Amino acid sequence: MAKKEHISETPATALLRKHKVSFSEHPYEYEEHGGTSVSSRELGVDEHHVVKTLVMQDEAAKPLIVLMHGDCKVSTKNLARNIGCKSVEPCKPEVAQRHSGYMVGGTSPFGTKKAMPVYVEESVLALDTIYINGGRRGFLIGIKPAVLTEVLAAKAVQCALPD
């Protein structure tokens with residue numbers, strides 16, 4: 001039997017295994033500041049199916065996670081309106097790392113250090129398969145979008161802007 005390449009466990013993959021979620025592992029060559037355009041090219045998938053995990057904060061500096069298509073950006077105004085906040089802004093990288101426990105560029109919404117509310121762009125949930133960070137730079141996992149609502153209790157929002 002051929003041995004499948006296995007990435008060492010991350011808090012994200014451990015959580016998914018605990019919930020008995022099946023996922024595919026997709027390691028790729030990480031590029032600093034390459035973003036989803038690099039990972040989608042390396043994996044040979046549409047960037048719209050690569051979902052980025054963004055750690056943001058509301059006006060009271062309470063952290064939250066936003067899951068967005070790789071080829072879109074977040075309208076913080078629309079997001080704030082959707083979730084009943086005055087304002088939302090991205091966290092500084094070191095703050096995001098403190099909240100999530102992951103290095104920026106390797107942030108997964110699964111297995112974060114701090115429990116945070118998770119919001120997902122509604123159209124992400126309509127895709128067949130999404131590719132989302134598995135908890136390490138250069139490592140995406142392929143999952144069904146329903147996992148986001150089932151495991152993370154992610155709430156659908158409409159805040160996508162074309163990038």
Side-chain angles (χ1 to χ4, degrees), residues 10-12 15-16 19 21 23 26 30-41 43 45-137 139-163:
T10 66
L15 180 83
L16 291 170
H19 284 275
V21 171
F23 58 91
H26 304 275
Y30 178 78
E31 276 177 40
E32 195 72 42
H33 305 297
T36 54
S37 61
V38 169
S39 50
S40 66
R41 179 191 74 217
L43 269 56
V45 298
D46 184 341
E47 192 176 3
H48 198 65
H49 293 250
V50 177
V51 174
K52 50 193 174 189
T53 303
L54 305 165
V55 182
M56 299 195 162
Q57 62 186 19
D58 66 13
E59 69 278 0
K62 284 202 177 73
L64 55 107
I65 288 178
V66 183
L67 304 175
M68 182 55 72
H69 296 286
D71 58 356
C72 296
K73 56 186 185 210
V74 174
S75 161
T76 53
K77 226 177 235 152
N78 289 348
L79 177 62
R81 202 173 302 126
N82 268 240
I83 64 174
C85 290
K86 281 191 186 106
S87 67
V88 175
E89 63 181 15
C91 285
K92 289 184 171 64
E94 62 278 9
V95 175
Q97 198 168 318
R98 216 172 33 244
H99 291 317
S100 70
Y102 292 111
M103 282 180 76
V104 171
T107 305
S108 176
F110 301 102
T112 55
K113 204 160 93 179
K114 243 187 205 172
M116 296 176 267
V118 178
Y119 300 96
V120 58
E121 174 58 35
E122 195 172 49
S123 52
V124 166
L125 299 172
L127 300 171
D128 285 340
T129 301
I130 58 169
Y131 300 89
I132 195 162
N133 202 290
R136 171 171 295 122
R137 291 175 168 184
F139 176 46
L140 296 186
I141 53 174
I143 57 170
K144 299 281 170 231
V147 172
L148 302 174
T149 53
E150 291 162 5
V151 175
L152 299 174
K155 293 177 186 66
V157 291
Q158 294 178 326
C159 60
L161 292 173
D163 201 359

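These numbers come from a predicted model, not from an experiment. One is the number of the first residue; the rest follow in order along the sequence.
Side-chain atoms of T10 come within 3.5 Å of backbone atoms of G134 as a donor-acceptor pair (strictly under, hydrogens ignored). Judged by distance alone, the side chain of N133 and the main-chain N or O of R136 form a donor-acceptor pair under 3.5 Å. With E122 contributing its side chain and V157 its backbone, the two residues share no donor-acceptor pair below 3.5 Å. Although no hydrogens or angles enter the test, the distance criterion places no donor-acceptor pair under 3.5 Å between the side chain of K52 and the main chain of V66.
Minimum heavy-atom separation, V21 to V151: CG2-CG2, 3.8 Å. Across every non-hydrogen atom of P109 and I132, the tightest pair is CG-CD1, 3.6 Å. The two residues H99 and M116 make their nearest non-hydrogen contact at O-CE, 3.7 Å. Listed here is the closest heavy atom pair of S37 and E47: N-OE2, 3.2 Å. S40 and D46 get closest at one heavy-atom pair: CB-C, 4.2 Å. The two residues L127 and H69 have their closest heavy-atom pair at CD1-CE1, 3.8 Å.
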(request) Verify salt bridge (charged side-chain N to carboxylate O under 4.0 Å, His left out) between K144 and E150, making sure each step is shown before the conclusion. (result) CA-CA 10 Å; K144 299 281 170 231; E150 291 162 5; over 6 Å; no
(request) Check step by step if side chain to side chain contact (heavy atoms under 4.5 Å, CB included) holds for E31 and R41. (result) CA-CA 12 Å; E31 276 177 40; R41 179 191 74 217; 2.9 Å; yes
(request) Check step by step if side chain to side chain contact (heavy atoms under 4.5 Å, CB included) holds for S87 and K77. (result) CA-CA 7 Å; S87 67; K77 226 177 235 152; over 6 Å; no
(request) Please test N82 against Y119 for side chain to side chain contact (heavy atoms under 4.5 Å, CB included), starting from the C-alpha separation and ending with a verdict. (result) CA-CA 10 Å; N82 268 240; Y119 300 96; over 6 Å; no
(request) Please assess H26 against F139 for the test ring-ring contact (aromatic ring centres under 6.0 Å, His included), listing each intermediate value before the final yes or no. (result) CA-CA 6 Å; H26 304 275; F139 176 46; 8.6 Å; no
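Of the N and O atoms on the side chains of E121 and Q158, not one donor lies less than 3.5 Å from an acceptor on the other residue.
Rounded to the nearest 0.5 angstrom, M103 CE and E94 CD are separated by 13.0 Å. Separation of atoms CZ (R137) and OG1 (T107) is listed at 8.5 Å; rounding is to 0.5 Å. Note: T112 OG1 to Y102 OH = 7.0 Å, rounded to the nearest 0.5 Å.
In this structure, the side chains of V88 and I83 come closer than 4.5 Å at one or more pairs of heavy atoms. Under the 4.5 Å side-chain criterion, counting only non-hydrogen atoms from C-beta, T53 is in contact with I65. Contact check for Y131 versus V51: no side-chain heavy atoms found under the 4.5 Å cut-off. Residues V45 and T129 form no side-chain contact, since every pair of their non-hydrogen atoms from C-beta on lies 4.5 Å or further apart. E89 is not listed as a side-chain neighbour of M56, based on a closest heavy-atom distance of 4.5 Å or more. With contacts defined as side-chain heavy-atom distances shorter than 4.5 Å, the pair V147/L16 qualifies. You'll find the side chain of I130 stays beyond 4.5 Å of the side chain of H49, heavy atoms only. M68 is not listed as a side-chain neighbour of V120, based on a closest heavy-atom distance of 4.5 Å or more.
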